[in-house]
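Please read the structure below before turning to the comments.
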Amino acid sequence: MAKRSLAGGANSAIAHRPRFDKNAVTMASTRRQYPFQLIEPKWQQHWEREQTFRAWNPGEKIPAQHPFALRHGLGEATAGAASLPPKYYILDMFPYPSGAGLHVGHPEGYTATDILARYRRARGFNVLHPMGWDAFGLPAEQYAVKTGQHPRHTTETNIATFKRQIQSLGFSYDWSREVDTTDPKYFKWTQWIFLQLYNSWFNPATNKAEPIDALPYPADCATEEQKRAFRDSKRLAYVSEAPVNWCPELGTVLANEEVIDGKSEVGGFPVVRKPMRQWMLRITAYAERLLNDLDTIDWSHSLKEMQRNWIGRSEGALVEFQVSGSKFKVSVFTTRPDTLFGATYMVLSPEHSLVNEITTPEHRQAVKGYQDFAAGKSELERTELAKEKTGVFTGAFAVNPVNAEKIPIWIADYVLASYGTGAIMAVPGHDTRDFEFAEKFNLPIVQVVQPPDRETDWRGFVGDGRSVNSVGAEVSLDGLATSEAKAKITGWLACKGVGQKTINYKLRDWLFSRQRYWGEPFPIVWKKDASGNLHHEALPESALPVMPPPLTDYKPTATGEPPLARAKEWVTLPDGSTRELNTMPQWAGSCWYYLRYLDARNAAAFCGKEAENYWMGASAIGDRQSAIANGRTPGVDLYVGGTEHAVLHLLYARFWHKVLFDLGHVSTPEPFFKLVNQGLILGEDGQKMSKSRGNVINPDDILIDYGADAFRLYEMFMGPLEMVKPWNTKGVEGVYRFLGRVWRLFVDEASETEFEQALTTDAQRGVELLGKIQLNAAIKDVPATPAQLKPLHACIKKVTEDLDGLRFNTAISALMVFVNEAMTWEVKPAVALRDFLVLLQPFSPHLAEELWGKLTAVISHQCSGSRVPLAYQPWPQFDPALLVEDTLEIPVQVNGKLRDRITVAATATDKEIETAALACEKIKPFLEGKTIKKVIVVPKKLVNIAAA
RNA sequence: GCCGGUGUGGCGAAAUGGCAGACGCACAGGACUUAAAAUCCUGGGACCAUAAAAAGUCGUGUGGGUUCGAGUCCCACCACCGGCACCA
């Protein structure tokens, strides 16, 4: 028997192991549709041995016998970028190798990309289709805390399982480019990119990142200490002491993007706000470009919207309010400066830095009490308890700059410290939240906007209208439409120096440090200057990679320091400086892995320039439109993955890519040109698959029963790639039967029976025995008849168009239609079946390869299509002339309802069709007593008679 | 509440404004078989009618509209799924 090992790769307690399944027993007792258990490993080993799917970089020497060289006539020479065919970079979101092994959702996207990779190869592209491991992460570390087993070991075990499972599906990955984010040879460059961020600042004048060395210092920066402080405040990677998302259960801080409804994205544990000193990345500097450049890439509308919402751009004004009788000013952000006359009070967030300064002595106790109350709430409580507004008066008043009115200053937790300035002007007349608050605390509510519709109640009206009651000593807005009022008041505020037009973003800087062991250490050390102040410094590139220290205990220390603090010797350097103890978040490695694939073994750079230029299609940037029209796109040509990374990985990776672009390390402003989200696969019960529901489908079980080709085919046949769809194992049987029909279309039954018998007595020689199977005698080396060419070319047309449009399900149905037809042919021309195998190959490559070998061995050289192996065979062209029918069947409708059909010659004119239609006997009763008003002839399609 | 997506047989689904339900599952009948499995053939939206059929009527979430003609386009709703949400 083949060596297909179906047991888990290792006996690790957490490694995946296929479970016992009673279906497997049932299937084993029935006869297989075809010997996939031999064919699939045979071809997988062949592809691996021959390096069939190795992708070639410019400048690489391609062996003359490699299929890519055979196909493109590249011979033994070293091919420069100009002599290579056009590139096609097709990328999967690489998996986190969890202990649970592959689930059926992974192969959905991977099969789609593999089909397209194989299709593009057939179309003559140089295809880059790589795979790797996003292997830093919490589960391996938690397992280490529990058992003391080093996360490295767990990770390697899990990767082995994942790799075995993925390889058993016959994907055409170039494994020579495999990456693992936990490999020091990889994370050396993750750390290197961090240094690029650290050593850069964002120049608003040029709107791009520039080296920190070129940062101009303000005049008052005299001493080295002052310069350092200024420099450190401008870096793209900087240290900040601010309230952060602290998750006590996980023992680490989290980025905003990792907190969902006040709970950790991983595990669902409560998250609290806590001030801590952390590393941040200045993604906010890129908010505008991240938003604008969405218009240049081909992503789904909904995904772009998610990013747009997350970036959260809003236009408005900053307005300054003088605190009455004090030197302090409160600055607020508002999108409705036109309602300034309606501001009847102000609200600061409880954490606002001015709260303590302005609170009057008699309100101090109440304010302190409220601050404690707000601080004690988790994020979750703060949002969930939002139904009822709370707050207290500070005793202070502010002066409204437009009318000099004194308005009370309150604090309330419905104002967020992290958005805008952390303070608002409250306009209860025209803001829902302010309205609720004012109602509860009896604050004045005045009208300053008249709704366009007189019937509408102005109280709480938040739409656009016309300003009313907005007259001050120096400025009046009365009668102006909302947009005009906004412009006028903003101009006035700017003139008076108490306000200005502003664009505000929801996006926050990216909190980039974690209190973990299993992540990239920062290439940073801390030093004390002469006056004893601590500052950070980058390690030189020569110190990379910074390796994590060996540990036996992976928990944080008793004092709450990160686990790396346990490695005392590692922490302290000979010169007395100490290492940064935090590690990078899991997202760091996935921010740039698609670049490492381009040149995965480069020890001198994160990626070679020539490779980057070729694969990222730098040449396509110039004339974008025509390049795209010719199928050459800048960046990754197609990226397929789940929607769950919409505002995490996909935002972070775009940010890093833009920084690398600014610094001249990559040649495109965006990493992923086209992106498609595959839909979730639900359980057979229509619920999301989960262990607790017991409805999880294990790919290994499906492979035992039906083989990889059927599994791949089913995942694509279920429905459109982007849709959510329920699993149905009976459906796998359907496509499996189809592959059985393909098998029987090609092979001789008697020889197969002989093979089966030989196999029972000599199972060891299984693969060898496949040679006994003969080609079906009905397959003859003869030209195909026009009647046979028609369904073949209809199939070629449909499959080609559907693959271009990512419609896999309908492409497969076209293959089925063709096979159903070809089964009825008494003589089966080899040329026709040959083209069919080229079409089948992307979907079910093992079976196609096996049959290809048998077919081409017995047919003439002319038909076999040279020595080029199937995986690199040119895609068939369809000939429209062959699809033309001699006669047409035309439906005849009366008032849009089908009443009869007529058969006419394909050459019939519209007039002849009309005459024939009106002559139909069957339509007569429907025209009885009516007059024909109009006859519509859709050429070659349909006739409709309008009568009344 | 806001944004996006989806609603079609018993089920997964298919249909450039032009014959609704391709292809597949499940089901039913038949052939082959001692029998079963596998395979091959046939059937099939609902209703009405009938010995059986033909013919007919209705039918793509609901209600309107545009059109010779609407699953498809427009307007207004409903349901479900996903995302965001006290974002000033």
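First the proteins, then the strands, lettered A, B, ... as listed; each starts at 1.
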(message) Looking at B:rA88, I'd like to know if its phosphate oxygens (OP1 or OP2) sit under 4.0 Å from a side-chain N or O belonging to A:Ser314.
(response) yes
Atom CG of A:Asp910 and atom P of B:rG18 are separated, to the nearest Å, by 17 Å
Nucleotide by nucleotide, nucleotides 21-33 of chain B touches protein heavy atoms under 4.0 Å in the pattern (B base, S sugar-phosphate only, - none) -BBSSS-------
Side-chain contact check for A:Asp431: nearest option of B:rA88, B:rG18, B:rC19 is B:rA88
Intra- and inter-strand pairing of RNA chain B, written as dot-bracket with Watson-Crick and G-U pairs under 3.5 Å and | for the latter, reads (((((((..(((.....[....))).(((((.......))))).(((........)))..(((((..]....))))))))))))....
### Query
Does any N or O donor sit under 3.5 Å from an N or O acceptor when you compare the side chain of A:Lys389 with the base of B:rC86?
yes
Work out how far the P atom of B:rA15 is from that of B:rG4, and round it to whole angstrom.
24 Å
Of the listed B:rC84, B:rG56, B:rG12, the closest approach to the A:Met718 side chain comes from B:rG12
From the candidates B:rU39, B:rG56, B:rA88, the one with an atom nearest any side-chain atom of A:Arg744 is B:rU39
- So, does the side chain of A:Asn309 form a donor-acceptor pair with the base of B:rC84 at under 3.5 Å? no
Applied to residues 934-948 of chain A, the side chain to side chain donor-acceptor pair (under 3.5 Å) test, sequence neighbours excluded, yields none
Exercise for the section: Write down the distance separating the C1' atoms in B:rC23 and B:rG9, rounded off to the nearest Å. Expected result: 15 Å
inquiry  = Roughly how many Å apart are B:rU8 and B:rC58, using the C1' atom of each and rounding to a whole number?
reply    = 15 Å
Walking RNA chain B from its 5' end, the first of A:Lys725 and A:Ser302 to be reached, judged by nearest nucleotide, is A:Ser302
| query | NZ of A:Lys440: more than 12 outside heavy atoms within 6.0 angstrom? | reply | yes
Applying salt bridge (charged side-chain N to carboxylate O under 4.0 Å, His left out) to A:Lys730 and not counting sequence neighbours gives none
Of A:Lys922 and A:Ala946, the one whose closest nucleotide on RNA chain B sits nearer the 5' end is A:Lys922
Contacts of A:Phe437 meeting ring pair (Phe, Tyr, Trp, His ring centres under 6.0 Å) (sequence neighbours excluded), chain-then-number -> A:Tyr345, A:Trp410, A:Tyr414, A:Phe441
* To do: Can you tell me, in whole Å, how much space there is between the P of B:rG63 and that of B:rC78?
  => 15 Å
Any chance the side chains of A:Asn776 and A:Asp748 put a donor and an acceptor closer than 3.5 Å?
-> no
Contacts of A:Phe818 meeting ring pair (Phe, Tyr, Trp, His ring centres under 6.0 Å) (sequence neighbours excluded), chain-then-number -> A:Trp825, A:Phe836
Rounded to whole Å, the CD1-P distance (A:Ile311 to B:rA85) equals 14 Å
Sequence neighbours excluded, the answer for ring pair (Phe, Tyr, Trp, His ring centres under 6.0 Å) partners of A:Phe373 is A:Tyr370
task: Check whether any side-chain N or O of A:Arg899 sits under 4.0 Å from OP1 or OP2 of B:rG56, and answer yes or no.
output: yes
inquiry  = What contact category does A:Phe818 fall into here, base, sugar-phosphate, or nothing, at under 4.0 angstrom with non-hydrogen atoms?
reply    = nothing
| task | Look at atom NZ of A:Lys501 and say whether more than 12 heavy atoms of other residues, nucleotides or ligands are closer to it than 6.0 Å. | result | no
Review point. Distance between the P atoms of B:rC74 and B:rU67, in whole angstroms?
Key: 16 Å
Atom CE of A:Met823 and atom P of B:rC41 are separated, to the nearest Å, by 7 Å
Practice prompt. Check every strand shown and say whether A:Gln893 touches a base, only sugar-phosphate, or nothing at a heavy-atom separation below 4.0 Å.
Written response: base
- Is it true that the side chains of A:Ser314 and A:Asn504 contain a donor and an acceptor less than 3.5 Å apart? no
Heavy atoms under 4.0 Å, any strand shown: does A:Lys897 hit a base, just sugar-phosphate, or nothing?
sugar-phosphate
The side chain to side chain donor-acceptor pair (under 3.5 Å) partners of A:Asn820 (sequence neighbours excluded) come to A:Arg741
Heavy atoms only, 4.0 Å cut-off, all strands: where does A:Arg807 land among base, sugar-phosphate and nothing?
nothing
Between B:rC32 and B:rC41, how many Å separate the two P atoms, rounded to a whole number? 15 Å
Here the distance between atom C1' of B:rC40 and atom CD of A:Gln33, to the nearest Å, is 13 Å
chi for B:rG61 classified (syn = within 90 degrees of 0, anti otherwise) as anti
The complete set of side chain to side chain donor-acceptor pair (under 3.5 Å) pairs with one or both residues in residues 710-725 of chain A, sequence neighbours excluded, reads A:Glu108-A:Lys725, A:Asp114-A:Arg712
Applying a 4.0 Å non-hydrogen cut-off, can you work out what A:Ser300 is touching in the nucleic acid: base, sugar-phosphate, or nothing?
nothing
- Message: Distance criterion of 3.5 Å, no angle test: do you see the side chain of A:Arg308 paired donor-to-acceptor with the base of B:rC3?
- Response: no
Quick note, A:Lys688 side chain, CB onward, closest among B:rG82, B:rC86, B:rG18 is B:rG82
ask   = Does a sphere of radius 6.0 Å around CD in A:Glu749 hold more than 12 heavy atoms from other residues, nucleotides or ligands, not counting ones at 6.0 Å or beyond?
value = no
By the 4.0 Å heavy-atom rule, please label A:Lys798 as base, sugar-phosphate, or nothing. nothing
